[in-house]
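To start, the structure under review is shown below, and the notes come after it.
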Amino acid sequence: NVFSFVTEQATRGLQPEAPVSTFFMWKAYTQVDWSVVFYDQAILSYEVAGPGSDVALAVITPLLAVVVLAITLLGIRATRLGATMSEVFPVLALALTIALIAFNKVGSPQYIAWLAVPLVLGILNSAAGTGRSFRMPAILTLVIAALTQLVYPYFYKDVIFLNPVMLGVLTLRNVLEFVLLGWAIVALARAPRSEAEDGMARETDDASETAHARESIKE
């Protein structure tokens with residue numbers, strides 16, 4: 001059940017709302033080739049297909065696995081450098097959650113609701129003074145949620161019929177998902193280090209400055 005998020009969707013095609021589908025949606029709109037949005041009677045869902053969509057389908061799930069592994073390693077690195085669990089866990093949870101959304105061939109609107117849990121945790125930690133500010137990801141997520149609400153259910157028909165305004169809204173939503181992912185990854189990479197680690201870094205810097213000074217005197 002833990003991995004049903006991936007395994008249950010193994011046979012599905014590219015859903016129009018998924019970030020990976022953005023390119024094919026615009027190709028279908030511009031009619032540069034035979035890219036098309038169609039209704040899959042087998043799974044009762046809309047999908048998009050065209051030249052290159054098979055490659056995208058083959059690559060996207062392995063890419064998701066690589067990204068999840070890389071984010072997990074960043075979290076491990078942060079803890080080994082001395083960051084506390086309250087500093088790492090909310091950011092790590094947010095990064096993993098948005099990665100599972102951004103690098104997915106399915107873009108169901110309810111996925112955005114998943115972001116609420118790591119966001120609430122991060123906001124509570126920040127308010128308690130035990131974690132970094134979550135104001136930026138909270139604002140980004142609210143905008144993403146508002147755009148998602150426009151896409152589905154209000155104007156989903158316009159998305160399916162390739163209305164350029166709604167394709168623009170969908171594209172902006174998908175881009176902001178990667179912006180949020182970027183924030184989380186940078187936050188993990190810059191997670192606070194322990195005092196011991198900072199002290200070692202300062203000692204290294206001091207030693208470098210001393211050696212440089214000695215070389216200057218010799219010259």
Side-chain angles (χ1 to χ4, degrees), residues 5-6 8-9 11-61 63-64 67 94-120 122-123 134-186:
F5 175 85
V6 175
E8 289 296 324
Q9 300 173 8
T11 59
R12 296 190 63 170
L14 298 179
Q15 191 173 353
E17 305 99 294
V20 68
S21 303
T22 305
F23 174 68
F24 299 100
M25 292 293 286
W26 281 107
K27 285 209 302 178
Y29 167 71
T30 56
Q31 298 182 344
V32 296
D33 52 34
W34 57 267
S35 295
V36 63
V37 178
F38 65 97
Y39 189 73
D40 190 329
Q41 295 287 347
I43 62 174
L44 306 179
S45 178
Y46 284 98
E47 295 182 355
V48 60
S53 60
D54 289 343
V55 176
L57 278 171
V59 169
I60 192 65
T61 300
L63 181 60
L64 171 62
V67 172
L94 177 62
L96 289 173
T97 303
I98 189 61
L100 290 172
I101 297 172
F103 291 94
N104 200 311
K105 59 184 176 181
V106 178
S108 299
Q110 64 267 27
Y111 289 177
I112 305 303
W114 298 352
L115 296 171
V117 176
L119 279 176
V120 169
I123 291 170
F134 258 64
R135 179 178 299 178
M136 180 58 70
I139 292 173
L140 281 172
T141 301
L142 285 174
V143 175
I144 290 171
L147 295 175
T148 301
Q149 191 74 13
L150 289 176
V151 171
Y152 189 92
Y154 295 129
F155 298 103
Y156 190 65
K157 183 177 180 181
D158 294 292
V159 173
I160 297 305
F161 284 95
L162 304 173
N163 179 290
V165 174
M166 285 311 300
L167 286 183
V169 171
L170 178 61
T171 300
L172 177 59
R173 193 283 304 268
N174 291 341
V175 169
L176 289 179
E177 288 181 359
F178 283 97
V179 172
L180 181 59
L181 176 61
W183 181 93
I185 290 175
V186 171

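Scope of the values below: all heavy atoms of this structure, side chains included, with no hydrogens, waters or symmetry mates. All of these numbers come straight from a predicted model, not from anything done at the bench. One-based numbering along the sequence shown.
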Whether over 12 other heavy atoms sit under 6.0 Å from Gln110 CD: yes
Atom pair OG1/CE of Thr30 and Met25 - distance to nearest 0.5 Å: 11.5 Å
Would you tabulate the side-chain donor-acceptor contacts of residues 158-171 under 3.5 Å, counting partners in other chains and residues two or more places apart, or write 'none'?
residue : atom : partner : partner atom : Å
Asn163  : OD1  : Val165  : N            : 2.8
Asn163  : OD1  : Met166  : N            : 3.2
Thr171  : OG1  : Trp26   : NE1          : 2.8
Thr171  : OG1  : Leu167  : O            : 2.7

Criterion side-chain contact (heavy atoms from CB on, under 4.5 Å) against Ser108, the qualifying member of Ile112, Val106, Asn104: Val106
Minimum heavy-atom distance Ala102-Glu177, with the two atoms named: CA-OE1, 4.0 Å
Output a table of donor-acceptor pairs, distance under 3.5 Å, between side-chain atoms of residues 33-44 and any protein atom two or more places apart or on a different chain; print 'none' if there are none.
residue : atom : partner : partner atom : Å
Asp33   : OD1  : Ser35   : N            : 2.9
Asp33   : OD1  : Ser35   : OG           : 2.7
Asp33   : OD2  : Lys27   : NZ           : 2.8
Asp40   : OD1  : Ala42   : N            : 2.8

Check: Leu94 and Leu180 side chains under 4.5 Å, non-hydrogen atoms: yes
Heavy-atom check, side chain of Leu100 versus side chain of Leu64, under 4.5 Å: yes
Pairwise distance OG1(Thr97) to CG(Leu181) - rounded to 0.5 angstrom: 10.5 Å
Flag if over 12 foreign heavy atoms under 6.0 Å of CZ, Phe23: no
Residue list, ring-ring contact (aromatic ring centres under 6.0 Å, His included) with Phe24, at least two apart or on another chain: none
Atom pair CZ/CD1 of Phe178 and Ile101 - distance to nearest 0.5 Å: 11.0 Å
Distance-only check: which donor-acceptor pairs under 3.5 Å involve side-chain atoms of residues 45-57, not counting sequence neighbours?
residue : atom : partner : partner atom : Å
Ser45   : OG   : Arg12   : NH2          : 3.2
Glu47   : OE2  : Gly13   : N            : 3.1
Ser53   : OG   : Gly50   : N            : 3.2
Ser53   : OG   : Gly50   : O            : 2.7

Could you pull out every donor-acceptor pair under 3.5 Å between side chains of residues 135-152 and any protein atom, sequence neighbours left out?
residue : atom : partner : partner atom : Å
Thr141  : OG1  : Pro137  : O            : 2.8
Thr148  : OG1  : Ile144  : O            : 2.7
Thr148  : OG1  : Arg173  : NH1          : 2.9

